[in-house]
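Worksheet: one structure, shown below.
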2 protein chains.
Amino acid sequence: MATEILELPHPARSDLRLTDVLFALSDPERLAIVRQLAGGPLEMAQCHLSDPSIPKSTKSHLMKVLREAGIIRNEPFGRGRRLSLRQHDLDARFPGLIDSVLSACDGDAAKGASRAGSPAGKP
Amino acid sequence: MATEILELPHPARSDLRLTDVLFALSDPERLAIVRQLAGGPLEMAQCHLSDPSIPKSTKSHLMKVLREAGIIRNEPFGRGRRLSLRQHDLDARFPGLIDSVLSACDGDAAKGASRAGSPAGKP
DNA sequence: AGATTGGTTCGAAATTATTCGAACCATCAG
DNA sequence: CTGATGGTTCGAATAATTTCGAACCAATCT
């Protein structure tokens with residue numbers, strides 16, 4: 001048994017590329033994932049997409065792009081996987097970038113502002 | 001005569017979308033343009049691409065993507081055009097974002113820090 | 001006017017990204 | 001072991017971007 005190859009490849013901090021990071025963040029769905037992860041690690045199953053009917057292969061691909069850009073970490077966790085933001089690596093490599101992205105209000109302000117969870121932002 | 005419509009459309013500050021901005025910045029060539037413009041407005045002819053043999057239609061298209069994302073302004077100037085970074089608009093809409101992108105050192109940082117040490121990956 | 005310089009726009013071709021089903025693998029519950 | 005749950009990977013279809021030449025336009029010479 002010992003088929004322990006379940007760890008997927010993650011770029012080293014020094015290999016992170018600004019353009020790849022920006023590209024990965026430039027998709028609304030991926031950005032939404034990153035926002036969820038900003039609150040702390042999450043099991044993949046608890047990380048929801050905007051449209052719940054999106055197939056898991058697509059979800060997996062979104063995570064792959066984020067992982068390969070070095071934005072998130074994806075590690076085995078029990079029966080599933082745990083996702084986490086690579087905040088520390090990103091901050092070290094691109095200071096202030098993630099913070100500014102996370103604190104930026106998104107484009108479509110056309111929805112009800114029923115959001116209350118502002119993390120350490122400004123009042 | 002009187003065809004003075006040479007002004008191209010620019011999105012209003014309030015229409016800027018984070019994902020579009022990130023996308024526009026996610027291309028190395030476009031990012032290099034933005035870096036040049038960070039030093040102040042430039043005439044298009046003085047704004048050089050990494051490869052000087054790139055045709056002008058391509059250059060124009062790169063500028064279009066940046067302009068439509070709201071990152072640069074492109075206005076008639078004498079016989080040519082003047083490009084400028086929309087710093088103020090970007091700062092107002094996405095505080096800190098442009099600064100962090102501009103101050104981030106770019107891609108292949110694989111040099112310099114000679115310590116071939118362990119990648120930031122997880123043990 | 002005509003020629004020159006500087007730039008946009010329009011297609012079309014090539015490249016790259018996204019989407020999704022099917023097949024596959026690992027872990028946990030019975 | 002069997003089945004169920006959770007996720008990755010592969011391949012093919014689709015969609016979006018990029019690239020470039022050609023046509024076109026505006027302003028500046030001579």
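Within every chain, numbering begins at 1; the chains are lettered A, B, ... in the order of the sequence lines, protein sequences first and strands thereafter. These numbers come from a predicted model, not from an experiment.
- The distance from atom CG of A:Leu49 to atom C1' of C:dT18 is 14 Å, rounded to the nearest whole Å.
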In the 5'-to-3' direction, what one-character label does each nucleotide of nucleotides 5-18 of chain D receive under the scheme B = base within less than 4.0 Å of a protein heavy atom, S = sugar-phosphate only, - = no such atom?
BSBBB-------SS

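- In terms of hydrophobic clustering, with Ile, Leu, Val, Met, Phe, Trp and Tyr side chains grouped at heavy-atom distances under 4.5 Å, A:Val65 and A:Phe94 are assigned to different clusters.
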Using the 3.5 Å cut-off, write out each protein N or O paired with an N or O of nucleotides 1-3 of chain C and the distance between them.
none

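- The interatomic distance linking B:Glu7 (CD) with D:dC25 (P) rounds to 18 Å, in whole Å.
- Across the protein-nucleic acid pair, A:Leu66 atom CG and C:dA17 atom C1' stand 14 Å apart, rounded to whole Å.
- No single ILVMFWY cluster, assembled from side-chain heavy atoms under 4.5 Å apart, contains both A:Leu62 and B:Phe23.
- For the residue pair A:His88 / A:Arg13, a side-chain donor-acceptor distance below 3.5 Å is found, with atom types taken as modelled.
- Rounding to the nearest 0.5 Å places CD1 of B:Ile54 at 13.0 Å from OG of B:Ser60.
- When B:Leu66, B:Ile71, B:Ile72 are each tested for a side-chain contact (heavy atoms from CB on, under 4.5 Å) with B:Arg30, only one passes: B:Leu66.
- Across the protein-nucleic acid pair, A:Glu75 atom CD and C:dA26 atom P stand 19 Å apart, rounded to whole Å.
- Under a 4.5 Å side-chain heavy-atom criterion applied to ILVMFWY residues, the cluster that includes B:Leu8 comprises that residue alone.
- Salt-bridge formation is detected for the pair A:Arg82/A:Glu75: a Lys NZ or Arg NE/NH1/NH2 atom is positioned less than 4.0 Å from an Asp or Glu carboxylate oxygen.
- Between the P atom of C:dT19 and the CD1 atom of A:Ile54 lies a distance of 7 Å, rounded to the nearest Å.
- With no hydrogens or angles considered, a side-chain donor-acceptor pair links B:Asn74 and B:Arg81 at under 3.5 Å.
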